[in-house]
S.K.: 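Can you read through this structure? Questions will come right after.
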Amino acid sequence: MNPLVGWALVLQGLVPLAAIAAIPTGPRRSRAVWWGQVVAAGFMIVAVGLAGLWLALPWYFPWVMMMLLVGAASAGRSRIEGRWPASRAAWGLFALTVGLSAAFAGVTVTALRGWLPPPGDAVTVAFPLAGGPFLIAAGGSNALVNPHVATLAPRFRSHRGQSYGVDIVGIGTWGSRTRGLTSADPADYAIFGVPVLAPCAGTVVRAFDGAPDMPVPERSRNPLEGNHVILECDGAWIVLAHLRSGSVTAVEGRTVPVGLPVGDVGNSGQSDEPHLHIHAQTPGTEAEPLSGEPLPIRFDEGWPVRNQRVRGRASTSE
């Protein structure tokens, strides 16, 4: 199993469920401790719902946990004795719940701040996929909801153009993105092979096809972006990366209209699993194409942030 999947199951599933289960079980407790447990569990669910990456578990799982929390809180009311903790251990439990509430509230606020667009004028493009639904796996203005933001650091000079990048995965049956929890075969993922459409009218400045699709979760850094297409639209470079091996149809130097298929979603390059990476930047160099300055990118549907669900266009252009 992909280690990231295992961590997601524990931190986003088992830990919140254990916190919920503790409310109606165990010894009787005071009203203050009951409230502390309910509030702490609630903030935990909201925090992981906003900041967590909902790939191993379906996107709607936080809503399921919130409903379970309501039921657990109701059942726990019958076990309340008194208003305030009656022992040192009970006061310790109360203090723990207050601390956890504050910590998860902080995570929630940080995640919500990531919903604000980064500074600078955004480049607006059309959504680059048809059909769906799709899930924004990485997107936003801080590293909690968008790991690409970490590449703003000086040591990432050669590929800082991706700093406001957006990663998109497909949603399949029952809200999952693959068959089962995970699979080594890229073809088992809902988004694999979906046509990638030119999100803007422009000139193809770079089209690369020759990197293999990697088994999940293996990666390749040669090149980092795998098979990719770069379009120059109104002076900005729009990078479409991790395309399927053998699928790139864009030709360097040619002008393409919005909606023209340029390749398929794949799993080439440094990719944990099949997804489409898209970002905007100022022009890079021949040797370091991702070295331009990052530009905020938004779709016609709005500013993309982690865990948003998006439907693509009804059809592709020929």
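In what follows, every heavy atom counts, from backbone to side chain, and hydrogens, waters and symmetry copies are set aside. Being a predicted model, the structure only gives us computed values, none of them experimental.
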S.K.: Do the side chains of Gln37 and Arg29 get nearer than 4.5 Å, heavy atoms only?
M.R.: yes

S.K.: When you measure from the side chain of Trp54 to the backbone N and O of Val48, does any donor-acceptor pair fall under 3.5 Å?
M.R.: yes

S.K.: Less than 4.5 Å apart, side chain to side chain, heavy atoms only: is that true for Leu243 and Val229?
M.R.: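 Heavy-atom side-chain distance check passes, below 4.5 Å.
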
S.K.: Indicate yes or no for a side-chain donor-acceptor contact from Gln308 to the backbone of Val305 under 3.5 Å, with no hydrogens or angles considered.
M.R.: yes

S.K.: Side-chain contact, heavy-atom cut-off 4.5 Å: Met214 with Pro212?
M.R.: yes

S.K.: I'd like to check Val262 versus Leu197 (side-chain heavy atoms, cut-off strictly below 4.5 Å). Are they in contact?
M.R.: no

S.K.: Without swapping roles, check the side chain of Arg177 against the backbone of Leu55 for a donor-acceptor pair under 3.5 Å.
M.R.: yes

S.K.: Considering non-hydrogen atoms only, spot the tightest contact between Ile23 and Ala19 and give its length.
M.R.: CG1-O, 3.6 Å

S.K.: Looking only at heavy atoms, which two atoms of Val258 and Ala126 are closest? And how far apart?
M.R.: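 Closest pair (atom of Val258, atom of Ala126, distance): CG1-CB, 4.1 Å.
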
S.K.: Under 6.0 Å between ring centres, would you say that holds for His148 and His277?
M.R.: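 Aromatic pair counts; centres sit under 6.0 Å.
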
S.K.: Output the distance between atom CZ (Phe134) and atom CD1 (Ile171), rounded to the nearest 0.5 Å.
M.R.: 9.0 Å

S.K.: Please lay out, stage by stage, how Phe299 and Val125 fare under the test side-chain contact (heavy atoms from CB on, under 4.5 Å).
M.R.: CA-CA 5 Å; Phe299 302 128; Val125 299; 3.8 Å; yes

S.K.: Between Phe61 and Ile45, is a side-chain contact (heavy atoms from CB on, under 4.5 Å) present by the stated rule, with each step listed?
M.R.: CA-CA 10 Å; Phe61 198 71; Ile45 294 169; over 6 Å; no

S.K.: For Gly76 and Trp34, work out which heavy atoms get closest and say how close.
M.R.: C-NE1, 3.7 Å

S.K.: Determine whether Val256 and Val204 make a side-chain contact, defined as any pair of heavy atoms from C-beta on separated by less than 4.5 Å.
M.R.: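 Yes, their side chains come closer than 4.5 Å.
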
S.K.: Does either side chain, that of Glu273 or that of His275, offer a donor lying less than 3.5 Å from an acceptor on the other one?
M.R.: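 No.
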
S.K.: Could you check Ile278 against Phe127 for side-chain contact (heavy atoms from CB on, under 4.5 Å), going step by step and ending with a plain yes or no?
M.R.: CA-CA 10 Å; Ile278 178 173; Phe127 193 70; over 6 Å; no

S.K.: Mind checking the CH2-OG spacing from Trp35 to Ser30? Nearest 0.5 Å is all I need.
M.R.: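 Nearest 0.5 Å value for the CH2-OG distance: 13.0 Å.
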
S.K.: Any chance the side chains of Asp188 and Ser183 put a donor and an acceptor closer than 3.5 Å?
M.R.: yes

S.K.: Let me check something: do Leu17 and Leu50 share a hydrophobic cluster, defined by ILVMFWY side-chain heavy atoms less than 4.5 Å apart, either directly or through other members?
M.R.: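 Same cluster: Leu17 reaches Leu50 through Ile, Leu, Val, Met, Phe, Trp or Tyr contacts under 4.5 Å.
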
S.K.: Applying the 4.5 Å side-chain criterion to the ILVMFWY set and letting contacts propagate, would Val196 and Val239 be lumped into a single cluster?
M.R.: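 No, separate clusters.
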
S.K.: Are Asp300 and Thr124 close enough that some pair of their side-chain heavy atoms sits under 4.5 Å apart?
M.R.: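 Yes, close enough: below the 4.5 Å cut-off.
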
S.K.: Please indicate whether Phe208 has more than 12 foreign heavy atoms, meaning atoms of other residues, nucleotides or ligands, lying under 6.0 Å from its CZ.
M.R.: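 Enclosed.
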
S.K.: Would you say the side-chain atoms of Asp213 pair up with the backbone N or O of Gly266, donor to acceptor, closer than 3.5 Å?
M.R.: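 Not at all, since once roles are kept as given, no pair shorter than 3.5 Å links the two residues.
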
S.K.: I'd like to know if Asp272 and Arg219 make a salt bridge, using a cut-off of under 4.0 Å between side-chain N and carboxylate O.
M.R.: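 Yes, charged N to carboxylate O under 4.0 Å.
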
S.K.: Are more than 12 heavy atoms, taken from residues, nucleotides or ligands other than Asn222, located less than 6.0 Å from that residue's CG atom?
M.R.: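 Counting neighbours around CG of Asn222, 12 or fewer heavy atoms of other residues, nucleotides or ligands fall under 6.0 Å, so no.
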
S.K.: Pairs in or reaching into residues 105-115: which pass side-chain hydrogen bond (donor to acceptor under 3.5 Å, both in side chains), with residues at least two apart or in two chains?
M.R.: none

S.K.: So, for Ile238 and Pro199, which heavy atoms are closest and what is the spacing to 0.1 Å?
M.R.: CG2-CG, 3.9 Å

S.K.: Which pairs count as disulfide bond (SG atoms under 2.5 Å apart) when at least one residue sits in residues 60-131, sequence neighbours excluded?
M.R.: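 Not a single pair qualifies under disulfide bond (SG atoms under 2.5 Å apart).
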
S.K.: If we count only N and O atoms by modelled type, under 3.5 Å, do the side chains of Thr151 and Ser163 hold a donor and an acceptor together?
M.R.: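 On atom types as modelled, these side chains qualify, holding a pair under 3.5 Å.
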
S.K.: Check whether Ser268 reaches the backbone of Asn227 with its side chain - one donor and one acceptor, N or O, closer than 3.5 Å.
M.R.: yes

S.K.: Is Val70 linked to Val39 within one hydrophobic cluster, defined over Ile, Leu, Val, Met, Phe, Trp and Tyr using a side-chain heavy-atom separation of less than 4.5 Å?
M.R.: no

S.K.: For a quick check under 3.5 Å, do Gln281 and Arg160 share a side-chain donor-acceptor pair by atom type?
M.R.: no

S.K.: Verify the cluster assignment for Val149 and Ile168: are they in a single hydrophobic cluster under the rule of side-chain heavy atoms below 4.5 Å apart?
M.R.: no

S.K.: Under a 3.5 Å distance rule, please check whether Arg244 uses its side chain to pair with a backbone N or O of Val265 as donor and acceptor.
M.R.: no

S.K.: Short question: side chain of His242, backbone of Leu276 - any donor-acceptor pair under 3.5 Å?
M.R.: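 It does not hold such a pair.
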
S.K.: Tell me, yes or no, whether the heavy-atom count around Arg79 atom CZ, taken from other residues, nucleotides or ligands under 6.0 Å, exceeds 12.
M.R.: yes

S.K.: Ignoring hydrogens and angles, tell me if any N or O in the side chain of Asp167 forms a donor-acceptor pair with the backbone of Ala137 under 3.5 Å.
M.R.: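 The answer is no, because no donor-acceptor pair under 3.5 Å joins these two groups.
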
S.K.: To the nearest 0.5 angstrom, please state how far the CG atom of Leu290 sits from the CD1 atom of Ile230.
M.R.: 6.0 Å

S.K.: Does Trp91 CH2 have over 12 foreign heavy atoms under 6.0 Å away?
M.R.: yes

S.K.: Which value, rounded to the nearest 0.5 Å, describes the distance between Thr282 atom OG1 and Trp237 atom CH2?
M.R.: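 Here the rounded value is 9.0 Å.
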
S.K.: Supply the atom-to-atom distance Leu68 CG to Trp63 CH2, rounded to the nearest 0.5 angstrom.
M.R.: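 Nearest 0.5 Å value for the CG-CH2 distance: 14.0 Å.
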
S.K.: Is it true that a side-chain atom of Arg157 and a backbone atom of Ser291 form a donor plus acceptor pair closer than 3.5 Å?
M.R.: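 Here the side-chain-to-backbone pair exists.
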
S.K.: Quick one: closest heavy-atom pair of Gly172 and Ala190, and the distance?
M.R.: N-CB, 3.9 Å

S.K.: Shortest non-hydrogen contact from Pro296 to Asp121?
M.R.: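 So the minimum-distance heavy-atom pair works out to CD-O, 3.8 Å.
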
S.K.: Is the closest side-chain heavy-atom distance between Trp59 and Arg309 below 4.5 Å?
M.R.: yes

S.K.: Let me confirm one number: the CD1-CG distance from Ile191 to Leu129, rounded to the nearest 0.5 Å.
M.R.: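 These two atoms lie 5.0 Å from each other.
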
S.K.: Could you go through the salt bridge (Lys or Arg N to Asp or Glu O under 4.0 Å) check for Arg206 and Glu286 one step at a time?
M.R.: CA-CA 9 Å; Arg206 190 177 175 98; Glu286 179 67 25; 3.7 Å; yes

S.K.: Taking the side chain as C-beta and beyond, is there a heavy-atom pair between Val194 and Asp264 under 4.5 Å?
M.R.: no

S.K.: State plainly whether one hydrophobic cluster holds both Val107 and Leu116, where clusters connect Ile, Leu, Val, Met, Phe, Trp and Tyr through side-chain heavy atoms under 4.5 angstrom apart.
M.R.: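 Hydrophobic grouping puts Val107 apart from Leu116.
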
S.K.: Okay, side chain of Ser247, backbone of Gly263: is any donor-acceptor separation there less than 3.5 Å?
M.R.: no

S.K.: Under the side-chain contact (heavy atoms from CB on, under 4.5 Å) criterion, do Met65 and Ile20 qualify, and how do the steps go?
M.R.: CA-CA 8 Å; Met65 292 193 292; Ile20 293 170; 4.1 Å; yes

